[in-house]
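One structure is given below, encoded as structure tokens.
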Amino acid sequence: MYQVITAIADALFITSNLGEIKKVNRAAQKLFGFSEEELINQPMSLIIDDTQVLTQAIYRHSSFKQNSQNFEVVCRTKTREKRLIAFSCSVIPKKIKGLEDIVYIGRDVTARQHREQRTSTQYAITRILSESQSVKQGIPQILQSICQNLGCDLGELWTASQYIGTSVQGDSINAVLRCVEIWSSRVISVREFKAITWQTTYTPGVGLPGRIWIRRLPLWIQDITKDGDTRRSQPAAETGLHAAFGFPILDDSEILGVMVFFSRDVQPKDKDLLQLVGSIGSQVAQFIKRKQAEDALVESEERYRDLFENANDLIQSINASGHFLYVNRAWRETLGYSEAEIANMTVFDIIHPECKQDFLQRFYRLLSGEKFNQIKSAFVTKDGQTIFLEGNINCKFVEGHPVAVRGIFRNVTQRLAAEKALRRHQEETERLLLNILPAAISKPLKQEPANIAEDFADVTVLFADIVGFTEITASMSAIQVVNLLNQIFSAFDRLTEQYGLERIKTINDAYMVVGGLPTRRLDHAQAIAQMALHIQTAIALFNTENNQNFNIRIGIHSGSVMAGVINLNNFTYDWGDTINIASCMESQGLVGKIQVTEDTYKYLCDEFLLEKRGEIEVKSKGKMTTYLLIGKKR
């Protein structure tokens with residue numbers, strides 16, 4: 001057991017039920033800096049800061065018999081350095097009740113705590129800088145955020161001007177530093193320390209603020225009470241302040257101010273923390289410079305306010321975070337927002353959701369220096385209406401930093417509505433024209449309304465007739481007959497559209513469709529054949545769904561056609577013999593079969609199964625060899 005205790009990597013303490021240390025391992029001695037002799041028979045409160053947590057762990061040890069207790073607690077090393085330790089706590093039962101020992105196994109999680117603190121600090125500072133409207137609004141929040149996230153008790157801002165953000169008079173080497181902002185936590189009484197601080201001034205190189213000012217680098221003081229600052233060392237000691245660090249607010253080579261932070265703890269130098277606060281100092285400097293430029297811009301633009309206020313176009317100026325610097329009267333009246341509402345809004349709050357992604361991309365490209373001639377966007381008014389805008393935007397830069405994105409927009413909502421109505425009217429006109437003429441004829445007719453005539457040498461015509469329809473529907477009402485035909489021909493129309501064919505007309509219960517007209521195509525016969533086979537399937541499905549027994553007879557022929565348009569009221573096809581032969585193929589065909597001529601057979605024989613029927617008599621043509629279309633070859 002002793003060997004296990006000695007070798008374990010985590011710190012181990014065994015105490016009595018009253019918290020008196022009975023045994024420790026080497027890891028515990030190394031972690032806290034005490035020797036075994038210095039720890040044995042001492043209370044655990046020697047190393048644990050929060051005695052309340054320790055008391056609960058000791059006096060509620062009876063519950064540990066069921067479950068081990070885990071807690072994180074702030075501890076102190078021999079040198080009073082603060083450490084965050086994660087303890088697991090359990091009881092060693094004994095026969096005599098009340099004499100149980102308690103085992104503490106602790107792991108140092110200070111590094112994890114520091115990482116979390118620094119991440120949260122960086123996030124908080126970034127948020128403050130993006131949301132603050134002014135330097136005076138942002139600086140106190142920054143001091144408070146750094147103190148609270150990094151465990152400091154007091155934060156100060158020192159600068160050589162009346163307040164940071166105003167120009168430093170004269171050479172910065174001869175500047176006189178004054179404290180212009182202080183934030184402190186409530187756990188310490190700093191009234192006297194603050195009073196002395198407000199009255200204290202430093203020259204470059206003197207005191208912690210002066211040394212940071214002259215060095216232009218972050219600086220760490222392990223114990224400010226031993227630093228030799230005669231003006232504030234003693235007040236700091238009386239207040240209980242010890243560790244201190246500070247960093248410059250530095251923009252390139254220009255120093256704007258110094259931030260200094262104090263803690264009640266004596267802490268060794270933390271290089272990672274100094275690197276972090278150095279980065280924060282640069283961020284704050286850029287924020288101040290940007291605000292300075294924005295203020296100068298607003299001031300310089302005052303002379304143009306009257307002109308802007310009387311303009312009919314919507315004029316706006318926003319900063320790099322999207323907050324409004326200025327909007328004119330037309331902007332306010334068009335969008336309906338009050339000045340008080342605008343002060344708490346960003347431009348991203350009023351961008352229409354469908355335009356937001358594009359606007360964001362353009363906005364950030366503007367900030368990076370890209371230029372745009374004209375943009376289109378949409379804003380949402382206070383009452384929820386969408387306003388469409390066209391205009392120009394540009395970005396103003398000061399010393400390479402974007403300070404304002406300015407835009408002049410024209411309200412084009414009514415114009416776009418009129419254009420949309422015109423397009424709708426044109427589409428309706430085209431739709432009506434297409435109902436009269438095929439697309440290939442209507443398009444050139446719209447472009448040049450002269451006579452159009454065109455010869456189509458290779459087309460294929462299909463006739464389909466419902467056999468015995470008149471007899472079957474004799475007992476039905478006219479409405480019932482129309483409904484049946486509508487179902488059948490609607491199915492045929494869908495097939496016509498599917499195969500890219502052109503329905504010519506319907507005559508009672510007959511249906512005529514052509515392939516290769518008015519749009520020429522090499523596979524006109526194949527497309528007609530596919531549709532013919534699907535017509536048979538469609539009729540079978542219709543019979544099943546409607547409890548009918550209709551049969552279809554189909555005839556197909558391939559030949560030439562002349563199409564002509566005299567005017568919008570006189571459009572015609574000159575079919576010649578093509579339509580007569582196709583009609584004969586249907587009328588002299590077999591019920592439930594597809595009869596094709598030899599001309600069509602030549603187009604289909606390579607891809608489709610056909611069966612020779614023989615010769616039939618065709619009026620004005622004599623005997624013609626015909627074939628029956630069976631299906632498509634696999």
Within the 4.5 Å heavy-atom criterion, are [X] and [Y] side-chain neighbours or not?
X: Thr121; Y: Ile280; answer: yes
X: Leu485; Y: Ile466; answer: yes
X: Leu335; Y: Phe379; answer: yes
X: Tyr603; Y: Val596; answer: no
X: Leu590; Y: Gln595; answer: no
X: Gln480; Y: Leu484; answer: no
X: Leu517; Y: Glu502; answer: no
X: Tyr337; Y: Val327; answer: no

Report yes or no: does [X] contribute a side-chain atom to a donor-acceptor pair with the main-chain N or O of [Y] at less than 3.5 Å?
X: Ser120; Y: Gln117; value: yes
X: Asn483; Y: Ile479; value: yes
X: Asp523; Y: Ala527; value: no
X: Asn328; Y: Ile315; value: yes
X: Lys289; Y: Glu399; value: no
X: Gln385; Y: Thr381; value: no
X: Thr544; Y: Ala540; value: yes
X: Ser490; Y: Gln487; value: no
X: Gln374; Y: Glu390; value: no
X: Arg290; Y: Ala320; value: no

Nearest atoms (heavy-atom pairs only) where [X] meets [Y]:
X: Ala464; Y: Ile554; value: CB-CG1, 4.1 Å
X: Ser560; Y: Thr578; value: O-OG1, 2.7 Å
X: Ala378; Y: Thr386; value: CB-CG2, 3.9 Å
X: Phe608; Y: Lys633; value: O-CE, 3.4 Å
X: Ser321; Y: His323; value: OG-ND1, 2.9 Å
X: Gln137; Y: Gln133; value: OE1-N, 2.7 Å

Does the distance from a Lys or Arg side-chain N to an Asp or Glu carboxylate O, for Glu586 and Arg553, drop under 4.0 Å? yes
Between Arg494 and Glu497, does at least one N-O distance fall below 4.0 Å, as a salt bridge requires? no
Using a distance-only test with no angle check, is there a side-chain donor-acceptor pair under 3.5 angstrom linking [X] and [Y]?
X: Asp493; Y: Tyr511; result: yes
X: Gln286; Y: His401; result: no
X: Thr413; Y: Asn411; result: yes
X: Gln283; Y: Gln122; result: yes

Can you classify the ring geometry of [X] versus [Y] as parallel (below 30°), tilted (30 to 60°) or perpendicular (above 60°)?
X: Phe469; Y: Phe550; value: tilted
X: Phe348; Y: Phe359; value: perpendicular
X: Tyr499; Y: His534; value: tilted

Output, in order, the C-alpha distance, side-chain angles, deciding distance and verdict of side chain to side chain contact (heavy atoms under 4.5 Å, CB included) for Leu604 and Tyr627. CA-CA 11 Å; Leu604 303 179; Tyr627 297 82; over 6 Å; no
Check whether more than 12 heavy atoms from other residues, nucleotides or ligands sit under 6.0 Å from atom [atom1] of [X], and answer yes or no.
X: Glu339; atom1: CD; value: no
X: Glu333; atom1: CD; value: yes
X: Glu131; atom1: CD; value: yes
X: Arg118; atom1: CZ; value: yes

First locate atom [atom1] of [X], then atom [atom2] of [Y], and finally report the distance between them rounded to the nearest 0.5 Å.
X: Ile594; Y: Leu533; atom1: CD1; atom2: CG; result: 4.5 Å
X: Gln141; Y: Ile125; atom1: CD; atom2: CD1; result: 9.5 Å
X: Ser558; Y: Lys602; atom1: OG; atom2: NZ; result: 10.5 Å
X: Phe397; Y: Leu367; atom1: CZ; atom2: CG; result: 6.5 Å
X: Gln530; Y: Leu501; atom1: CD; atom2: CG; result: 10.5 Å
X: Ile581; Y: Phe463; atom1: CD1; atom2: CZ; result: 11.5 Å

Set out, in order, the CA-CA distance, both residues' side-chain angles and the distance that settles side chain to side chain contact (heavy atoms under 4.5 Å, CB included) for Thr597 and His557, then state yes or no. CA-CA 5 Å; Thr597 62; His557 173 60; 2.8 Å; yes
Going by the salt bridge (charged side-chain N to carboxylate O under 4.0 Å, His left out) test, which pairs reach into residues 346-358, not counting sequence neighbours? Asp358-Arg362
Given Asp272 and Leu276, is the side chain to side chain contact (heavy atoms under 4.5 Å, CB included) satisfied, shown in steps? CA-CA 6 Å; Asp272 291 338; Leu276 170 67; over 6 Å; no
Evaluation steps, side chain to side chain contact (heavy atoms under 4.5 Å, CB included), between Arg112 and Glu72: CA-CA 12 Å; Arg112 185 207 69 194; Glu72 292 183 358; 3.0 Å; yes
